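Below you'll find the structure, written out as structure tokens, and then a few comments.
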2 protein chains.
Amino acid sequence: MKLHVSPDTFPPRGHEAKRISIVDAAAGVFCREGYAGANIDLIAVEAGVSRQTVYNHHGDKEKLFVAVVRDLTERCNTGIFATIATFPDQPKDLEADLIGFAVRLNQNCICNRDGKFLRKLIQTEGERYPELFAEWLEQGPGRTWPAIAARFARLAYGGYLAIEDPDVAARQFLGLVNAELQTTFMLGGTPREDEVLQSATNGVRTFLRAFGKRRSVASVEKQAALASA
Amino acid sequence: MKLHVSPDTFPPRGHEAKRISIVDAAAGVFCREGYAGANIDLIAVEAGVSRQTVYNHHGDKEKLFVAVVRDLTERCNTGIFATIATFPDQPKDLEADLIGFAVRLNQNCICNRDGKFLRKLIQTEGERYPELFAEWLEQGPGRTWPAIAARFARLAYGGYLAIEDPDVAARQFLGLVNAELQTTFMLGGTPREDEVLQSATNGVRTFLRAFGKRRSVASVEKQAALASA
DNA sequence: GACGAATTAGACAAGAGTGTCTAAATTTAT
DNA sequence: ATAAATTTAGACACTCTTGTCTAATTCGTC
């Protein structure tokens, strides 16, 4: 019935397709209901499989949960690194380019389904599985944050920015760019596109007011004086 | 046996004391285990009362949960407004004063027991009780953020800062000052005192680089030009 | 079309948690 | 000291969930 077009590749068929739909459904249910409240029957229904199939694939509830977190971390990481690759190394218009980067990062990695689910699971169950989330910390922020910091360092080295500590600058960049989305994130919502753009725009403007290169020499000296005082 | 020192006041005795210890214990258990995973027997044990007393005071699990959120919101609000009252309106040393304010805000309101619990409950159960958390949004951020923004507006009016939109500035201030604490918050941890100070120091420095008054007129004009472009 | 692997529905035991009830004990106020 | 209110321990019915098992069915492959 089905042509033998792409053996062993996408879109996954049969067995593998079920594994994925189970993990996807489980991610949604774990997020909505929390680990304790998540009902395996419900996961099975949402995945469109029988309960027994869930157990066949993943053993038990806890193993399923671990599989979900691992899957989400991996998929999010892929997205984040793909987006970091679009960081403006030699910007034509620094402000516009950084805003674009910030918006891409939010839309593709943080506000999408996987990002939202992963964030929620970490917030909700992080304390219950210290080893698992230590692994996430190492694989996730532990790899992505330095990668972003390195891009800012390069921008500074290229003379586009006046930053002292690229790691601090990277964290502050993310803090600024998401400053207006905090409440939405807290409540588990997804910000609208225009909210993301607005927050990114305001954040980048402030970031450049602080670190942009057109600042007077005097103010840089003042900064140094303050630091040494 | 007990002297009739302070009728009807603190420290609460008997009935009222039990109500408080139940809510306190419930807050801890709801946070650790999530709503579905929270066990009323465990809450009773941690509160040092019998299970029946929990039901006598609060009816059922859901009503108890609502009482917990309301209590935490109220207590946190009290702390935040008390801290906002210490905002430096006429700073001697703007940088030091703002750092002090940021540290106080974190230590007294965001990183303390109540703040941590409330944050976690909102993140965890926010979507399940829309009306309850709409109420929190209104009573919490809806009142505190404008109050902080007003203080920044006053600082700008007094010539200490060059900000255009006080609401944006307030959100960015909080974003910057907490930039280095995000991961800890995510995992439900409590940052160490020196981490709070470090993050606040770095955040305030950047904030003042962006909004401090000693910036050249030229850069302000450039900012205006960019905004109109 | 036929074979083996995977999936399904359903029943099932075991365990855990909620919320109620009762009778005894304790606290509090008078 | 006494009466009223509160608290307690324990038992209880009820529901829900997990994880296993079995027999029938469907699917993928040759």
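The structure displayed is predicted, hence computed values, not measured ones. Lettering of chains follows the sequences in order, A, B, ..., and the numbering in each one begins at 1. Computed from heavy atoms alone, side chains included, the values below leave out hydrogens, waters and symmetry copies.
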*Roughly, in whole Å, what's the span from CD1 in A/Ile40 to P in D/dC16?*
17 Å

_Between P on D/dT17 and CG on B/Asn39, what's the gap in Å once rounded to a whole number?_
16 Å

_First encountered from the 5' end of DNA chain C, between B/Gln52 and B/Tyr55_ = B/Tyr55

*Of the listed nucleotides D/dT8, C/dG19, C/dT8, the one nearest the side chain of B/Ser50*: D/dT8

*So what does A/Ala38 touch, heavy atoms closer than 4.0 Å: a base, only the sugar-phosphate, or nothing?*
sugar-phosphate

_Sugar-phosphate, base or nothing in reach of B/His57, heavy atoms under 4.0 Å_ = sugar-phosphate

_Can you work out whether A/Arg51 or B/Gly48 has the more 5'-proximal nearest nucleotide on DNA chain D?_
B/Gly48

*Could you tell me the separation between the CD atom of B/Glu33 and the C1' atom of C/dG17, rounded to a whole number of Å?*
13 Å

*asked:* Expressed as a whole number of angstroms, how long is the span from A/Asp60:CG to D/dT17:C1'?
replied: 14 Å

*Would one find more than 12 heavy atoms of other residues, nucleotides or ligands at under 6.0 Å from atom CZ of A/Arg151?*
yes

*Could you check if a side-chain atom of A/Phe117 sits within less than 4.5 angstrom of a side-chain atom of A/Arg75, using non-hydrogen atoms only?*
no

*Could you give the CG-to-C1' distance, from B/Leu42 to C/dT18, as a whole number of Å?*
15 Å

_Flag for A/Asn178-A/Gln182: side-chain donor and acceptor within less than 3.5 Å_ = no

*Proximity of B/Tyr129 and B/Phe65 rings by center, below 6.0 Å*: yes

In a table with atom names and distances, give each donor-acceptor pair under 3.5 Å that connects a side chain of residues 26-35 of chain A to protein atoms at least two apart or in another chain.
unit_1  : atom_1 : unit_2   : atom_2 : d
A/Arg32 : NH2    : A/Glu46  : OE2    : 2.8
A/Glu33 : OE1    : B/Arg128 : NH1    : 3.4
A/Tyr35 : OH     : A/Glu62  : N      : 3.4

_Atom-to-atom span, OH of B/Tyr35 to P of C/dG17 - whole angstrom_ = 14 Å

*For A/Gln90, does the CD atom sit with more than 12 other heavy atoms under 6.0 Å from it, leaving out its own atoms?*
no

*Separation of B/Lys18 atom NZ from D/dT6 atom P, in whole Å?*
13 Å

*Estimated bend of the helix from C/dG1-D/dC30 to C/dT30-D/dA1 (axis per five terminal pairs, rounded to 10 degrees)*: 40°

*Would you indicate which nucleotide in D/dT18, D/dG19, C/dG19 comes nearest to any side-chain atom of A/Asp41?*
D/dT18

*Just wondering, more than 12 heavy atoms not from A/Arg104 lying within 6.0 Å of its CZ?*
yes

*Could you check how far NZ of B/Lys61 sits from C1' of C/dG19, rounded to whole Å?*
12 Å

